[in-house]
2 protein chains.
Amino acid sequence: MSMELGIGTKLSRCETCSIRHQAVCGALTGPELARLNQIAKPRKVAAGQTIMSDEDPATFLANVVSGVVKLSKTLPDGRQQVIGLLFSPDFLGRVFNETNPYFAEAAVDSEICSFPRKQFEALLDEFPGLEHRLLEHTLSELDSAREWMVLLGRKTAQEKVASFLLLLANRSLITGCHHIQPGEEASFELPLSRNDIADYLGLTVETVSRQITRLKSANVINLVDNRHFTVPDLDRLRDIAG
Amino acid sequence: MSMELGIGTKLSRCETCSIRHQAVCGALTGPELARLNQIAKPRKVAAGQTIMSDEDPATFLANVVSGVVKLSKTLPDGRQQVIGLLFSPDFLGRVFNETNPYFAEAAVDSEICSFPRKQFEALLDEFPGLEHRLLEHTLSELDSAREWMVLLGRKTAQEKVASFLLLLANRSLITGCHHIQPGEEASFELPLSRNDIADYLGLTVETVSRQITRLKSANVINLVDNRHFTVPDLDRLRDIAG
DNA sequence: CGACATGTTGAACCTCATCAACCGACGTGG
DNA sequence: CCACGTCGGTTGATGAGGTTCAACATGTCG
């Protein structure tokens, strides 16, 4: 049985999970982790597939195991705003609430590990360490959201695009565990279409496109293709991002 | 001793606190509440006074007991963004972090009840119920922040101003426990200067001023003075807010 | 090959920012 | 007591940054 523990027994899925220590699950060990394992259901999600929708009841929560998840909200008349990107050890969904607070879809091919909401909440109640991890995670999401509010409210198109590229660079460096040698150009992937980038930055596709070509002309970035770019000098990008 | 309990003893400050059940403290009773009471320090803050600054180390946290607290962030070149308003039972400050994530100042004369951060964190660790309350609070702050991102990124000046007035109306109705009779005009207070409103909405003072007079001309709102307005028909305001 | 999606580029337009003047309220000092 | 400066708010004229609309390029898939 994969949920038994002890020398010689088979390891459970949670125990061998690649993000075990980074994600909220990191709070649990032994029999506690086994309990989580019982309700965890891994799932592959292809790029473009929706994971959860606002309007829908919040039936499950999830960890992002790999890939990128795009969170968005839409105004009645169709205007859209991307309100966040979730990367590898991030947590997805809304605990203690009956409806999802946003629309979530896979930006690139991704893997998530989902939990039925009610059962996960029961575990939160039972294991304060788990709830603590979730709190820490929520707090840092709140910090990021507020940082983004400054961008949306006060930055120019140029600064917005630069900030976005910088964000990707930072996240890629973390999750990829990639160390750049001085002088080495780091290469990054754009997990979003121009349209989604625009919706993330509160701009239009055209403006995003123009600003990207402008950064390219200024040799701040190089485009290897529409979805990959390199940054010769991160500090210069940082300056422009403000 | 005010921290002892039992029939006939004097009630502690926390026990008689007006927001005791609404704030995070609501999780505690009896000896637990007494522990919180030991580290709680109430404080009056005059309008305009700063409460905490980013850059400063996060030495304390607080509950907003009365009044309104303005949270903001400033770009190196001085551009400012108000990233949130805190009302009566809201929680102020950043647990588990060495520096404050924002600049906080009293928007109007306010009272807060502060706790040394380290000691409060120790209580969180000791009383899971307290941490749970804080999590719930943080989650709903995150929801609001994301809602505001839609406003900042996608709404027009007109919609922004209308949304802001609507927000005030909603918060006033909650905290004031005020029930509007059908046909009765509800009256609200603007806790922010035009300048701060602009910084909250990602606009300039001039645009805010123009949009307010526009709403006034359309009879959506009435200004009794610069800091007070009434709304004859909240649904109309809601329509304009989008 | 044509249909479609995604991205870039150009031109015209418009919303909102900028700059400046003005107004009323308030406090201070001659 | 009134002139004066200051502060918060409004209003007007002008202009720039970003949107809108449209054309075009490129790549992909039936």
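No hydrogens, no waters, no symmetry mates; every other heavy atom, side chains included, goes into these values. Chain naming here is simple, since letters A, B, ... match the order of the sequence lines and numbering starts at 1 in each. Remember, predicted model here, so these are calculated numbers, not experimental data.
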TODO: Starting at the 5' end of nucleotides 21-26 of chain C, put B wherever the base has a protein heavy atom under 4.0 Å, S where only the sugar-phosphate does, and a dash everywhere else.
DONE: ------

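Taking atom CG of Asp199(B) as the reference point, atom P of dG8(D) lies 13 Å away to the nearest angstrom. Going from atom CZ of Arg214(B) over to atom P of dT11(D) covers 14 Å, rounded to whole Å. If you take CG of Leu223(B) and P of dG8(D), they are 18 Å apart, rounded to a whole angstrom. Rounded to whole Å, the distance from CG on Asp225(B) to C1' on dG9(D) is 12 Å. Atom CZ of Phe229(B) and atom P of dG9(D) are 14 Å apart (whole Å). Look at CD1 on Ile197(A): it is 12 Å from C1' on dT6(C), rounded to the nearest Å. Atoms CZ (Arg194(A)) and P (dA25(D)) sit 19 Å apart, rounded to a whole Å. Between the CG atom of Asn195(B) and the C1' atom of dC7(D) there is a distance of 11 Å, rounded to whole Å.
With respect to Phe164(A), the side chain to side chain contact (heavy atoms under 4.5 Å, CB included) criterion is satisfied by exactly one of Leu151(A), Leu203(A), Val208(A), Leu190(A): Leu190(A). If you run side chain to side chain contact (heavy atoms under 4.5 Å, CB included) between Val161(B) and each of Thr156(B), Ile240(B), Ile212(B), only Ile212(B) comes through. Of the listed residues (Val220(A), Asn222(A), Leu237(A), Asn219(A)), just one forms a side chain to side chain contact (heavy atoms under 4.5 Å, CB included) with Pro232(A), and that residue is Asn222(A).
Interface residues of residues 152-160 of chain A facing DNA chain D, ordered by number: Thr156(A), Ala157(A); criterion, heavy-atom separation under 4.0 Å. Interface residues of residues 201-212 of chain A facing DNA chain D, ordered by number: Gly202(A), Leu203(A), Thr204(A), Glu206(A), Thr207(A), Arg210(A); criterion, heavy-atom separation under 4.0 Å.
Using a cut-off of 4.0 Å between Lys/Arg side-chain N and Asp/Glu carboxylate O, Asp235(A) and Arg238(A) are scored as salt-bridged. Classification of Asp199(B) and Lys70(B) as a salt-bridged pair fails, no side-chain N sitting under 4.0 Å from a carboxylate O.
No more than 12 heavy atoms of other residues, nucleotides or ligands lie within 6.0 Å of CZ in Arg214(A), so this atom counts as exposed by the packing criterion.
Ring geometry for Phe188(A) against Phe229(A) counts as tilted: the plane angle lies between 30° and 60°, on a 0 to 90° scale.
Rounding to the nearest 0.5 Å gives a distance of 7.0 Å between CZ of Arg117(A) and CG of Asn97(A). Note that CD1 of Ile197(A) is 13.5 Å distant from NZ of Lys160(A), once rounded to the nearest 0.5 Å.
Under the 4.5 Å side-chain criterion, counting only non-hydrogen atoms from C-beta, Leu201(A) is in contact with Trp148(A). A 4.5 Å side-chain heavy-atom check between Val69(A) and Val45(A) finds every atom pair outside the cut-off.
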